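As structure tokens, the structure follows; a few thoughts come after it.
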Amino acid sequence: MAAIGTTAYGTALSLALRNFLSNKPINQTYTDHPLFDTLKKNASSATGPRLVVHVIGGSVAQPNFTSTGSGLFAPTVTDDIAGSAEFQWSRPLVGFVRVRYQDLEENAGKTQLADRLRVNIDDLLEQTKVKIVTLLHTENGSLPAGSFSSLDTLCNDAVTTVGGIDYTSAGNSFWRPVTETSPSSDPKVAIRSMVQNITKNAKGVRPDVVHVGEDIWNAIQEYIDAKATITSGIGGTDVELSWQSVSFGGIEVRWDYDCPADRAYFLHTPSLYFKYLTDNFLKSASAKQVNEAVSGVVNTSLDEVFPVVTIMSVGTSQRRALGMIDGFTAGS
């Protein structure tokens, strides 16, 4: 069989990404990082110049009593009570698959092609995961230009304008999340206080998952170890348990190893949207040969580079149902 060749490999790569990833890209890609596991619940494709999310800010109808026999009256509907938030699409996030010229010429046959595709795609997916999750955990002020919203952007009340809505404007107080920068050193108290404050702020809507950094997770584990002693069970007595997740009042608390160590994010997943621009989630572009400097001299490389593009956005419909702890320090 003849060598694979650049054109054939590019076609195979594009088909593999489209067939195995485009139909269910989130399920296929985000299986290793806790935050992706949470966000994929509301992940899908979208269209339009920006991601538009209809927000929940209060009661549109505002029920009230009428005088006897007065009949029905029309409630006032204003944009500052119920409207839309607009989240910009990110600039293209471009990953690369680079294949050596000689490898393409030497390898032939279906098995070699499949092995090469698997290795290249696995590496591309891993690097894409690391890049996106790093940005999702980046402080708002440190995000690169053209990025999508991070958790710090959505959950931090120091960021006043999100999705085009400024919570400091009259009537927009519903858009303010809950932030605690001086939390209790007791993890139970810190989490309980935040859940109560968010529930009160969101008029009864509670977070359903909390992602915590290593400092908070270790404090939680120490609290559990001090309160719970396992004296019998499978495997004999004094069984040492490794906790994967814990629950607070029915709210799952997860260690998120991508999260900054002293932070915790309180998320209401039904109000979070993780969208990618239609047909632009890991979309493969045509191969290009690259020029590169070798020993100070620019040479044309015979290797082929396949750009793979992702355009995405992260937004929320109820920012007041989100919150974060920043600066947690465990007690001695």
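All figures in this text were calculated on a predicted structure; none of them were measured in a lab.
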Residues forming a side-chain contact (heavy atoms from CB on, under 4.5 Å) with [X], sequence neighbours excluded:
| X | answer |
| --- | --- |
| Thr47 | Thr278 |
| Glu139 | Ser142, Asp152, Arg263 |
| Ala261 | Glu214, Asp215 |
| Val119 | none |

*Scan Val253, Asn218, Ile220, Val212 and name whichever one has a side-chain contact (heavy atoms from CB on, under 4.5 Å) with Pro187.*
Ile220

_If we check side-chain contact (heavy atoms from CB on, under 4.5 Å) with Phe96, which of these qualifies: Asp123, Val305, Leu124?_
Val305

_Any heavy-atom pair between the side chains of Asn156 and Asn140 that's under 4.5 Å?_
no

*Take the angle between the ring planes of Tyr257 and His33 and call it parallel below 30°, perpendicular above 60°, tilted in between.*
tilted

*Should the heavy atoms of other residues, nucleotides or ligands under 6.0 Å from CZ of Arg98 be counted, would the total exceed 12?*
yes

Just verifying a value: how many Å separate [X] [atom1] and [Y] [atom2], rounded to the nearest 0.5 Å?
| X | Y | atom1 | atom2 | value |
| --- | --- | --- | --- | --- |
| Asp258 | Phe36 | CG | CZ | 7.5 Å |
| Met194 | Phe248 | CE | CZ | 11.5 Å |
| Ser90 | Leu51 | OG | CG | 11.0 Å |
| His211 | Glu252 | NE2 | CD | 7.5 Å |
| Asp186 | Ile191 | CG | CD1 | 9.5 Å |
| Ser182 | Asp326 | OG | CG | 9.5 Å |

*Give the C-alpha distance, both sets of side-chain angles, the deciding distance and a yes or no for side-chain contact (heavy atoms from CB on, under 4.5 Å) between Thr38 and Asp256.*
CA-CA 11 Å; Thr38 294; Asp256 191 332; over 6 Å; no

*Derivation and outcome, side-chain contact (heavy atoms from CB on, under 4.5 Å), residues Trp175 and Thr316*: CA-CA 10 Å; Trp175 201 238; Thr316 181; 4.1 Å; yes

_Contacts of type side-chain hydrogen bond (donor to acceptor under 3.5 Å, both in side chains), residue Ser149, not counting sequence neighbours_ = none

*List for me each residue that meets side-chain hydrogen bond (donor to acceptor under 3.5 Å, both in side chains) alongside Asp208, sequence neighbours excluded, and say none if there are none.*
Thr269

_Hydrophobic clusters here meaning ILVMFWY residues chained together by side-chain heavy-atom distances under 4.5 Å, can you tell me if Val205 and Leu154 are in one?_
no

On a heavy-atom basis, which atom in [X] and which in [Y] lie closest, and how many Å separate them?
| X | Y | result |
| --- | --- | --- |
| Ala321 | Ile198 | O-CG2, 3.6 Å |
| Tyr265 | His137 | CE1-ND1, 3.9 Å |
| Ser150 | Thr138 | OG-O, 2.9 Å |

*Thr168/Asp166 under side chain to side chain donor-acceptor pair (under 3.5 Å): CA gap, chis, key distance, verdict*: CA-CA 5 Å; Thr168 63; Asp166 183 355; 2.7 Å; yes

